[in-house]
Visitor: 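Have a look at this one.
Order of listing sets the numbers, starting from 1, for every ligand and every atom in it. Numbers here simply count residues along the sequence, with the first being 1.
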Amino acid sequence: MPARDVEARFNALNAFLIEHQGLWKPRPFTHLHLPWETVHPALAQWLRQRSLAEAEASHNTPHELPAPAPFPQLAEHAQRLSAVDKLPARALETARHRLNVDVPGRKWQQIEAFGAALQFAQPPTHWLDWCAGKGHLGRRLLQPGQQLTCLEYDPALIAAGQALSDHHGLPVTHRLQDVMADVALNPEHTPVALHACGDLHVRLLQLASAAGCKRLALAPCCYNRINADSYQPLSGAGRASHLQLSIEDLGLPLSETVTAGNRVRQQRDTSMARRLGFDRLQRELRGCDDYLPTPSLPANWLDKPFADYCRELASLKGLSTGAQDWATLEAHGWRRLAEVRNLELVRGLFRRPLEMWLVLDRALFLSEQGYKVEIGSFCDATLTPRNIMVLAERD
Ligand SMILES: C[S@@+](CC[C@H](N)C(=O)[O-])C[C@H]1O[C@@H](n2cnc3c(N)ncnc32)[C@H](O)[C@@H]1O
């Protein structure tokens, strides 16, 4: 996206997200009835009668759903506002022999795509792999005559990364560094961050621009992993916006998933259906029609009979269950799950617009710091849903 379009796009997204926040902020999982259902009863009813399998099939492509108004109109608007071009890809230098050993296949493809989309007017001299893990990205980018420093705070990853760099005979410095602490950056560094979470990549933008780095690139992820209670906008336009984003709201862009395997899906569904069955029970037991947050539970809780699951969860919350019709409650949980997952498709329309709003807030911040900024996708969403890249360069 050309720089001049960024602010206009941000403002349009901002207006769209604010106007429709009643549709995407309330979570069907915690609300038995969503406030928007009285405004759009035909849409609500249409979604509520669909099956769990139908919801699953539409999860990553909600905009294709032939649902009643205003769904198609919203879908079209959302897609238009969040469209980004794929960044032009250059042919990467051939990777050194066996450089991808120890890198999961999908991660390696992401690294290759990230590297191919990295284009700067001036070639970098010193790569800085930010939250590098074992430094696979940095090593893939490193060319003769360049330096590479990998910053990471997990000693085991530092050791494993150093061993890999030594094995390949590459002059890489793997530095044990908490990037939230003081980090010495200099103008010659070209930071790259592939999938650094919330605060970690925001920290990079702030430090790199203050240190005079001439170029940097990042693919953000986990916008909800922040220390603050709510989103702290970075750019002037972001700060001027009336859009308030809670940590829960910031999780919305992450709800798109690369298709999970059958076993994982079955486990996730069972866990959610049980929680929804328990939700019905706790509302009755407490005589209070509100969702009751429950702690995350070890996976082996799913092996317990449903009655034991509920009894033990209830006792964790200081409730006593008494005799219940467990089979009916359990079936109710599964029915609710189908409704929840279908109603979620409305929120799904806003995943990408919200992500674009967050990315553009970062891009506008970098523009304010004097960078020329490019935004685009660096790979297909099937490889990773976090496929947006921000490239920034300044004199
Ligand atoms: C999602 S992983 C991304 C790793 C790598 N860039 C990749 O794409 O495979 C995030 C990495 O950040 C590291 N990390 C988390 N918090 C950190 C901090 N405060 N300082 C430095 N590294 C951190 C984690 O240990 C992890 O290796």
Visitor: Could you check whether His195 and Arg386, counting side-chain N and O atoms only, form a donor-acceptor pair closer than 3.5 Å?
Guide: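 Judged by distance alone, the side chains do not pair up.
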Visitor: With a 4.0 Å cut-off on heavy atoms, is Leu151 in contact with ligand 1?
Guide: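 No, that is not the case, since the closest heavy atom of the residue is not under 4.0 Å from the ligand.
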Visitor: Between the candidates His201, Arg225, Glu152, which shows the shortest non-hydrogen contact distance to atom 25 (O) of ligand 1?
Guide: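 Looking at heavy atoms only, the winner is Glu152.
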Visitor: Just by distance, no angles: are the side chains of His174 and Ser165 close enough, under 3.5 Å, to form a donor-acceptor pair?
Guide: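 A donor-acceptor contact under 3.5 Å links the two side chains.
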Visitor: Given that the side chain starts at C-beta and the backbone is N, CA, C, O, which of these parts of Leu137 lies under 4.0 Å from ligand 1, counting heavy atoms, or is it both or neither?
Guide: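 Answer for Leu137: neither.
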Visitor: Please write down residue, atom name and distance for the protein heavy atom closest to atom 10 (C) of ligand 1.
Guide: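 So the nearest neighbour among protein heavy atoms is His195 O, 4.1 Å.
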Visitor: Once side-chain hydrogen bond (donor to acceptor under 3.5 Å, both in side chains) is applied, what residue pairs with a partner in residues 205-214 remain, sequence neighbours excluded?
Guide: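 As it turns out, the side-chain hydrogen bond (donor to acceptor under 3.5 Å, both in side chains) pairs with a partner in residues 205-214, which skip direct neighbours, are Glu188-Lys214.
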Visitor: Starting from atom 20 (N) of ligand 1, find the nearest protein heavy-atom neighbour and note its residue, name and distance.
Guide: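 The closest one turns out to be Val179 N, 2.9 Å.
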Visitor: Just jot down the ligand 1 atoms closer than 4.0 angstrom to any heavy atom of Gln177, in number order.
Guide: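 Once the distances to Gln177 are compared, the set is 20 (N), 21 (C).
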Visitor: Under 3.5 Å, is there a donor-acceptor pair between the Asp166 and Gln162 side chains?
Guide: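 Their side chains do contain a donor-acceptor pair, which is all the 3.5 Å distance test asks for.
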Visitor: Within the 4.0 Å heavy-atom shell around Lys107, which atoms of ligand 1 are there?
Guide: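 Those of ligand 1 that fall under 4.0 Å from Lys107 are 7 (C), 8 (O), 9 (O).
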Visitor: Checking a contact table here: which protein heavy atom is nearest atom 6 (N) of ligand 1, and how many Å away?
Guide: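 Checked against all protein heavy atoms, atom 6 (N) of ligand 1 sits closest to Leu194 O, 2.9 Å.
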Visitor: What's the shortest distance from atom 11 (C) of ligand 1 to any protein heavy atom, and which residue and atom give it?
Guide: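 For this ligand atom, the closest protein heavy atom is Cys131 O, 3.7 Å.
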Visitor: Identify the closest protein heavy atom to atom 22 (N) of ligand 1: which residue and atom is it, and at what distance?
Guide: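 Protein heavy atom with the smallest distance to atom 22 (N) of ligand 1: Tyr153 N, 3.4 Å.
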Visitor: Any side-chain donor paired with an acceptor under 3.5 Å for Glu393 and Tyr371?
Guide: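 Tyr371 and Glu393 do not have a side-chain donor-acceptor pair below 3.5 Å.
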Visitor: For residues Phe350 and Phe16, establish whether the separation of their ring centroids is below 6.0 Å.
Guide: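 Ring-ring flag for Phe350/Phe16: true, centres closer than 6.0 Å.
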Visitor: What atoms of ligand 1 come within less than 4.0 Å of a heavy atom belonging to Gly133?
Guide: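 Near Gly133, the atoms of ligand 1 are 27 (O).
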Visitor: Can you sort out the partners of Arg80 under side chain to side chain contact (heavy atoms under 4.5 Å, CB included), two or more places apart, ordered by chain and number?
Guide: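 For Arg80, the residues satisfying side chain to side chain contact (heavy atoms under 4.5 Å, CB included) (neighbours in sequence not counted) are Glu76, His77.
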Visitor: Does the side chain of Gln146 come under 3.5 Å of the side chain of Trp127 through a donor N or O and an acceptor N or O?
Guide: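 Yes, side-chain donor-acceptor contact under 3.5 Å.
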Visitor: Is there a heavy atom of Leu157 sitting under 4.0 angstrom from any atom of ligand 1?
Guide: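 Leu157 counts as a contact of ligand 1 under the 4.0 Å cut-off.
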Visitor: Does the side chain of Ser235 pick up a donor-acceptor pair with the side chain of Asp361 at under 3.5 Å?
Guide: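 Per modelled atom types, Ser235 and Asp361 side chains form a pair under 3.5 Å.
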Visitor: What atoms of ligand 1 come within less than 4.0 Å of a heavy atom belonging to Asp178?
Guide: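 Numbered from 1, ligand 1 contributes 18 (C), 19 (N), 20 (N).
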